[in-house]
Amino acid sequence: MKFLFHKSILFVLGILFLSQCLFLSIPNQTSPIPKEKLVTGSSTEGPDKILLIPIEGEISGQKSSGGLLSGEKDSIVSRVKTYLSMAARDPEIKAVILKIDSPGGSVTASDLIHHEILEFKKKKNVPVLSLFMDTAASGAYYLSMATDHIQAHPTTITGSIGVLRFGINVKEALDKLGIKSSTIRSGPNKATGNPVEEFTPEQKKVFQDIIMENYERFLSIIKKGRPKLKESDLRKLADGRIYSANQALEVGLIDSIGYFEDAVMQVTKLPGYKASSPLTPRIVFYSYKGPQPENFYQIDSNTGTGPTLLESLLPFRISPDHKLHYLFSPE
């Protein structure tokens with residue numbers, strides 16, 4: 001039995017090691033300039049345009065691997081910044097719809113997108129609508145606070161308001177193998193979070209204080225984005241739980257429930273929408289891909305920031321991640 005236990009521990013340690021050592025180096029490739037494409041309408045219709053921007057997958061400021069042949073891809077933060085900058089220079093764009101399907105992501109990346117949306121609205125002065133798809137939780141909900149209207153799909157999962165930091169501790173398992181930490185540090189809290197050492201009460205408090213500070217920032221962002229929500233009600237809602245679309249609408253976390261067509265109609269009714277023509281606006285998006293999607297549901301962010309195959313097979317995160325997250329995750 002003891003032999004099997006040791007084999008299991010060595011297997012896990014082997015996975016942790018291999019996950020960091022096995023990779024294929026792909027040369028960086030220069031990203032092409034995204035091109036505008038039509039979702040609905042035609043070039044013969046009205047001059048006005050509504051831009052669709054997809055925000056999908058885990059929100060991160062890091063580039064992601066695009067596979068063996070495609071090289072690295074820009075981060076979601078970088079893509080959103082690029083799209084908003086292009087939209088700000090286009091006088092025909094009268095509104096923006098964010099197609100959001102994300103469990104959230106890092107605290108900083110979520111905050112950066114929130115900031116970029118606010119800056120875009122200052123420059124462009126057009127309405128921005130959040131359209132929640134499958135999941136729009138935690139950091140995805142955070143960034144939607146910068147928009148003028150939140151519409152959820154009837155089956156959306158949202159909420160998960162809170163902050164977390166991932167981590168595992170293998171000290172007890174390593175002790176049984178006779179493996180000890182030999183970390184040399186300048187102070188008692190320098191290696192806080194080391195997976196081969198237990199947290200001291202002081203170290204745990206250091207992390208908890210930082211997490212609560214970012215949690216309070218999350219609440220302050222929601223209070224600005226949802227001014228009708230009472231703070232006492234908000235704190236009850238913001239305990240990390242998730243909400244269905246109907247539940248979120250009932251408690252005031254979103255504004256409406258509907259489909260893509262409803263979102264298009266709704267954004268044209270928001271303050272700041274100024275049509276230059278009575279003709280139907282064209283729905284457009286920016287794409288790095290060659291073939292044009294046939295409809296709204298084929299548009300994606302092309303970032304591929306999800307977990308690796310190895311990570312998806314394990315019940316915990318194996319990549320070194322020292323960030324704080326606004327993220328809905330069962331891990």
Side-chain angles (χ1 to χ4, degrees), residues 5-6 8-23 25 58-65 72 75-78 103-115 137-139 142-143 160-222 235 238-240 305 307-308 310-311 314-331:
F5 173 78
H6 286 178
S8 299
I9 294 298
L10 291 173
F11 174 73
V12 171
L13 292 176
I15 289 176
L16 292 172
F17 176 77
L18 289 174
S19 69
Q20 304 307 315
C21 296
L22 294 178
F23 63 92
S25 179
E58 190 169 322
I59 299 167
S60 170
Q62 296 179 327
K63 290 184 177 181
S64 61
S65 171
E72 289 185 328
S75 69
I76 292 180
V77 174
S78 177
S106 84
V107 164
T108 299
S110 303
D111 187 67
L112 284 172
I113 296 180
H114 176 271
H115 171 75
S138 211
Y142 181 107
L143 68 86
S160 189
I161 299 166
V163 192
L164 57 82
R165 176 190 178 273
F166 292 103
I168 60 171
N169 189 281
V170 295
K171 182 180 183 301
E172 185 177 343
L174 295 181
D175 285 346
K176 293 180 179 180
L177 294 174
I179 301 173
K180 304 292 184 183
S181 172
S182 59
T183 303
I184 300 173
R185 69 203 81 193
S186 57
N189 295 318
K190 179 58 181 172
T192 302
N194 187 336
V196 300
E197 297 177 355
E198 296 285 359
F199 272 117
T200 66
E202 181 183 5
Q203 290 170 344
K204 187 173 183 179
K205 185 177 185 304
V206 168
F207 272 102
Q208 190 65 51
D209 288 347
I210 293 174
I211 284 174
M212 293 311 296
E213 180 179 319
N214 282 276
Y215 173 71
E216 291 298 328
R217 176 172 177 79
F218 200 155
L219 296 187
S220 70
I221 292 294
I222 296 176
R235 288 189 177 275
D239 63 355
T305 55
T308 65
L310 185 58
E311 288 175 320
L314 295 174
F316 53 84
R317 294 198 169 208
I318 57 177
S319 300
D321 185 356
H322 306 292
K323 302 184 184 74
L324 299 182
H325 295 266
Y326 293 140
L327 181 68
F328 167 53
S329 174
E331 298 171 357

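Here the structure is a predicted model, which is why all the values come from computation and not from measurement.
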- When rounded to the nearest 0.5 angstrom, what is the spacing between NZ in Lys205 and CD1 in Ile210? 10.5 Å
- Between Tyr142 (side chain) and Gly104 (backbone), is there a donor-acceptor pair under 3.5 Å? no
- Message: Nearest 0.5 Å, please: how far is CD1 in Ile161 from CG in Leu219?
- Response: 7.5 Å
- Task: Search all heavy atoms of Glu198 against all heavy atoms of Gln203 and return the closest pair with its distance.
- Result: O-OE1, 3.8 Å
- Between atom OG of Ser75 and atom CD of Glu58, what is the distance when rounded to the nearest 0.5 Å? 12.5 Å
- Message: Rounded at 0.5 Å granularity, tell me how far CZ in Phe218 sits from CG in Asp111.
- Response: 10.5 Å
- Nearest atoms (heavy-atom pairs only) where Leu143 meets Ile59: CD2-CD1, 3.5 Å
- Message: For the NE2 atom of His115 and the OG1 atom of Thr108, what is their distance to the nearest 0.5 Å?
- Response: 13.0 Å
- Message: For Ser160, is there any backbone N or O sitting under 3.5 Å from a side-chain donor or acceptor partner on Ser138?
- Response: yes
- Got more than 12 heavy atoms from elsewhere within 6.0 Å of CD, Glu213? no
